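Start at 1 with the first residue, then count along the sequence. Heavy atoms only: backbone and side chains are in, while hydrogens, waters and symmetry mates are out. Just so it is clear, the model here is predicted, and its values are computed rather than measured.
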Amino acid sequence: MMCAEVAAKADGLEVEVCPGIAELLAELHRRGKAIGVVTGNFETIGWLKLERGGIRQFFDFGSFSDTREKREDIFRHGIELARKLRGPEATVCVSATRPTTSGPRFASAFPSSQWRPHLLA
């Protein structure tokens, strides 16, 4: 019901993309990098937000909350999707909209030897 309501009001949905993000995604896409989104949104709403922000075309896959309740599970599923697309040894880089999204509680999605958090300033 919520997804249908958001879709019906999509024309009025305003999404602000941070400066430089569209250009970064375009460059990564141009270089052939697989780009995914991991979000607590339902899939319909998540893709709609990216469309309204003008950046949907850069994303190859997404992990959403439709079938996963915990953020850690949504995150883990996104990693699984990336590795299905690029192979089990694929390097996964995470960029987040807020520090709590990619912090230590999400490290459980990676084997300990692969978790190397970096802060972008």
Side-chain angles (χ1 to χ4, degrees):
M1 185 168 172
M2 180 177 17
C3 293
E5 188 173 331
V6 171
K9 297 178 180 179
D11 289 341
L13 183 64
E14 293 184 26
V15 176
E16 184 178 340
V17 177
C18 294
I21 295 299
E23 294 81 5
L24 174 62
L25 291 171
E27 179 61 20
L28 292 170
H29 185 75
R30 187 189 68 72
R31 292 183 186 194
K33 304 298 182 186
I35 304 171
V37 61
V38 175
T39 177
N41 286 289
F42 289 123
E43 185 169 1
T44 302
I45 296 170
W47 287 129
L48 184 59
K49 286 180 175 181
L50 294 174
E51 285 173 21
R52 296 297 297 164
I55 57 174
R56 166 61 180 100
Q57 70 274 15
F58 300 121
F59 292 87
D60 303 297
F61 63 93
S63 181
F64 304 91
S65 66
D66 299 62
T67 58
R68 288 161 185 82
E69 186 175 328
K70 296 181 180 177
R71 289 192 181 271
E72 297 87 18
D73 294 336
I74 301 167
F75 197 84
R76 186 175 291 111
H77 181 246
I79 293 168
E80 290 169 5
L81 292 173
R83 293 202 167 136
K84 278 184 185 176
L85 194 63
R86 292 301 171 110
E89 300 302 316
T91 298
V92 176
C93 176
V94 177
S95 177
T97 56
R98 45 187 172 271
T100 56
T101 305
S102 63
R105 75 182 250 220
F106 297 100
S108 64
F110 291 95
S112 61
S113 64
Q114 296 178 353
W115 178 251
R116 290 181 178 69
H118 297 278
L119 292 176
L120 300 176

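- With a 6.0 Å radius and a threshold of 12 heavy atoms from other residues, nucleotides or ligands, Gln57 has its CD atom above the threshold.
- Transitive grouping of hydrophobic side chains (ILVMFWY, heavy atoms separated by less than 4.5 Å) brings Leu28 and Phe59 into a common cluster.
- Remark: side-chain polar atoms of Asp66 are paired, donor with acceptor, to backbone N or O of Glu43 under 3.5 angstrom.
- Shown here are the side-chain contact (heavy atoms from CB on, under 4.5 Å) partners of Leu81, two or more places apart in sequence or in another chain: Phe61, Ser63, His77.
- Between the side chain of Thr39 and the backbone N or O of Phe64 there is no donor-acceptor pair closer than 3.5 Å.
- Of all heavy-atom pairs spanning Gly40 and Ser65, the tightest one is O-OG, 2.6 Å.
- Taking CZ of Arg86 as the reference point, atom NZ of Lys33 lies at 7.5 Å (rounded to 0.5 Å).
- Under the side-chain contact (heavy atoms from CB on, under 4.5 Å) criterion, Arg30 pairs with Glu27, sequence neighbours left out.
- Among all heavy-atom pairs drawn from Ile35 and His29, the shortest one is CD1-N, 3.9 Å.
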Original post:
Should Asn41 and Trp47 be marked as a side-chain contact (heavy atoms from CB on, under 4.5 Å) after you check the CA-CA gap, both sets of side-chain angles, and the distance that decides it?
Top reply: CA-CA 9 Å; Asn41 286 289; Trp47 287 129; over 6 Å; no
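- Annotation for Val92 and Ala82: closest pair CG2-CB, 4.2 Å, computed over non-hydrogen atoms.
- Not a single salt bridge (Lys or Arg N to Asp or Glu O under 4.0 Å) links Glu80 to another residue, sequence neighbours left out.
- Interatomic distance, OG1 of Thr67 versus CZ of Phe42, reported as 10.5 Å (0.5 Å rounding).
- A search for side-chain contact (heavy atoms from CB on, under 4.5 Å) contacts involving Lys84 returns nothing, not counting sequence neighbours.
- Among pairs with a residue in residues 54-64, none fulfils salt bridge (Lys or Arg N to Asp or Glu O under 4.0 Å), at least two apart in sequence or across chains.
- In terms of the side-chain contact (heavy atoms from CB on, under 4.5 Å) criterion, residue partners of Ile21 (sequence neighbours excluded) are, by chain and number, Val17, Cys18, Leu25.
- Heavy-atom minimum distance, Val38 versus Gly78: CG2-CA, 4.0 Å.
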